[in-house]
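All remarks here apply to the structure that follows.
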Protein chains: 2
Amino acid sequence: MKEKQFKHKQAWVKTFFHARGFKCTPQRLAVLSVLKNSPKHLSISEIHSRVREFLPKVGLATIYRTLETLEELGLVVKVHLEDGCHSYTVVSREHGHPMVCVRCNRVFEFRECPIDRMSKRLSRKTGFAIETHFLQFLGKCQDCKR
Amino acid sequence: MKEKQFKHKQAWVKTFFHARGFKCTPQRLAVLSVLKNSPKHLSISEIHSRVREFLPKVGLATIYRTLETLEELGLVVKVHLEDGCHSYTVVSREHGHPMVCVRCNRVFEFRECPIDRMSKRLSRKTGFAIETHFLQFLGKCQDCKR
DNA sequence: AATCCAATTGAGAATTTTTTTCAATTGTAA
DNA sequence: TTACAATTGAAAAAAATTCTCAATTGGATT
Ligand SMILES: [Zn+2]
Ligand SMILES: [Zn+2]
Ligand SMILES: [Zn+2]
Ligand SMILES: [Zn+2]
C-alpha cells in the first residue's frame with residue numbers, strides 16, 4: 001500500500017522531469033525523497049548527509065545542482081529565516097505559503113494566498129506591477145505553542 | 001535646508017543608538033547613510049565600497065557586523081531574491097513591505113500590511129501561532145513597466 | 001578638558017560555503 | 001543495443017563569512 005503509493009509518486013515525478021527536459025536520476029529522486037520525508041526544513045549539508053544514506057557517493061556539488069533544478073521546477077523552495085536563507089522544503093504544486101515553526105523547524109503549508117486578491121489594488125495604488133511575491137509565516141506550531 | 005534635515009536625522013539616529021545601548025560610530029552612520037541614499041538594494045560588497053568612499057579604511061568585517069546590528073535594530077532589512085538573499089535596504093520604522101523592482105533593483109515600500117488582519121483567521125484555522133511574517137513583492141516599478 | 005573603560009574596529013587568518021572544471025558515467029531516445 | 005547529450009563525482013578554485021586579537025574610540029564620569 002505504502003509502496004504502491006511510493007511507486008506511483010516516483011512515476012509521476014519521472015514524467016514531470018521528462019516533460020520539462022530533465023533526466024530522472026537517482027540523485028534527484030533521492031533529494032526529493034529526503035525532503036518529502038522530512039517534516040522539517042533541511043540545510044544543504046543535512047540534505048547531503050541524508051542522501052548519502054541511500055547513495056553514499058553523491059557529492060555536495062550534486063546537491064547544490066539538484067536543489068537549483070528542483071527549485072526551478074517548483075518542487076522545492078528555500079526557507080527564509082532570521083539568520084539566513086539556506087534551507088529547503090518541498091511544496092505542493094498549488095500556490096501556497098510555508099508556515100515555519102521556529103521551535104521545532106517543522107514546515108506546514110498554508111494553502112491559501114492572501115496576496116492574490118489584493119495584488120490589483122496594490123498595483124492601482126502604487127503603479128507597481130507585481131509579478132511574484134514571497135510570503136512566509138514564522139511562529140509556533142500547535143505542538144510547540146505555550 | 002537639506003543639511004539641517006541631515007543633521008536632524010543624524011541626531012535622531014544617535015539617540016536611537018544610545019537608547020538601545022549601542023555606540024554611534026562613523027562606520028554605522030556611514031552604512032546607514034549609504035543605504036538611505038540608495039534607491040536600490042545593495043549587496044555587502046557594494047555597501048563596503050560605497051562606505052569606503054567616505055571612510056577608506058573600513059574593513060569588510062565591520063560591514064558584516066554593522067549590518068547585523070542595524071538589522072537587529074530594525075533599521076535595515078535583507079532583500080530576498082530568487083538568486084539569493086544577500087542584499088540590504090533601509091526600511092521606515094512602521095511595519096511595511098518592500099516592493100522590489102527586478103529590472104532596476106529599486107526598492108519601494110508598501111506601507112500597509114495585508115497580513116495583520118488575516119493572522120487571527122489563519123491561527124484559528126490552522127492552530128499555528130504566527131509571530132512574524134516575511135512578505136516581499138517582486139515586479140516592475142512604474143518606470144520599468146513595459 | 002582629562003581620564004577611564006567597555007564597545008567597537010581593522011587587519012588578517014581561518015573557516016565555511018558555493019562554484020567551477022573536466023573526465024567518467026548514465027539516462028533515454030532511436 | 002547504440003549513441004549522445006545530460007549529469008555526476010572528485011578535486012580544485014573562488015567567494016562569502018566568521019574569528020581573533022591588539023589598537024582605537026565613543027561617551028560616561030569626573
Ligand atoms: Zn513546532
Ligand atoms: Zn501567495
Ligand atoms: Zn531569504
Ligand atoms: Zn524599476
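Below, chain A is the first sequence line, B the second, and so on; all start at residue 1.
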Measuring from the side chain of B:Arg65 (C-beta onward, heavy atoms only), which nucleotide among C:dT28, C:dA11, C:dT8 has the closest atom? C:dA11

Atom CZ of A:Phe22 and atom P of D:dA5 are separated, to the nearest Å, by 18 Å

Taking the six-membered ring of B:Phe54 (Phe, Tyr or Trp), confirm whether the NZ or CZ of B:Arg52 is under 6.0 Å from its centre and within 45° of its axis. no

By nearest-nucleotide position on DNA chain C, the 5'-leaning member of A:Tyr64 and B:Gly21 is B:Gly21

What is the separation between atom CG on B:Leu60 and atom P on C:dG10, rounded to the nearest whole Å? 11 Å

Given D:dT17, D:dT8, C:dT8, the nucleotide with the shortest approach to the side chain of B:Arg28: C:dT8

In whole Å, I'd like the distance from the CG atom of A:Asp83 to the P atom of D:dT17. 13 Å

Atom-pair distance (NZ on A:Lys57; C1' on C:dA23), nearest Å: 15 Å

Rounded to the Å, how far apart are B:Glu46 CD and D:dA16 C1'? 15 Å

Among C:dT9, D:dA10, C:dT28, the one nearest any side-chain atom of B:Thr66 is C:dT9

Rounded to whole Å, the OH-P distance (A:Tyr88 to C:dT17) equals 13 Å

By nearest nucleotide on DNA chain D, pick out whichever of A:Pro26 and B:Pro26 is the more 5' one. A:Pro26

Below 30° counts as parallel, above 60° as perpendicular, anything between as tilted: where do the rings of B:His80 and B:Phe134 land? tilted

B:Ile63 CD1 to D:dC19 P: how many Å, rounded? 18 Å

A:Thr25 side chain near D:dT7 phosphate (N/O to OP1/OP2, under 4.0 Å): no

On the nucleotide D:dT17, are OP1 or OP2 found under 4.0 Å from the side-chain N or O atoms that B:His86 carries? yes

Taking B:Lys125 first and then A:Glu112, would you say they form a salt bridge - that is, a charged N and a carboxylate O separated by under 4.0 Å? yes

Give a yes/no verdict on a cation-pi contact between B:Arg20 and B:Phe16, requiring under 6.0 Å between NZ or CZ and the six-membered ring centre and an angle within 45° of the axis. yes

side-chain N/O A:Gln27 vs C:dT26 OP1/OP2, d < 4.0 Å: no

Answer whether the closest heavy-atom distance between the side chains of B:Glu131 and A:Val102 falls below 4.5 Å. yes

Residues touching DNA chain D, which here means a heavy atom under 4.0 Å, drawn from residues 71-78 of chain B: none

Geometric class of the A:His133/A:His97 ring pair [parallel <30°, tilted 30-60°, perpendicular >60°]: tilted

From the list C:dG27, D:dT17, D:dT25, which nucleotide is the closest neighbour of the side chain of B:Lys23? D:dT25

Rounded to whole Å, how long is the line connecting atom CG of A:Leu55 with atom P of C:dG27? 11 Å

What closest approach, in Å, do B:Phe108 and B:Cys141 show between heavy atoms, and which atom pair accounts for it? CE1-CB, 3.4 Å

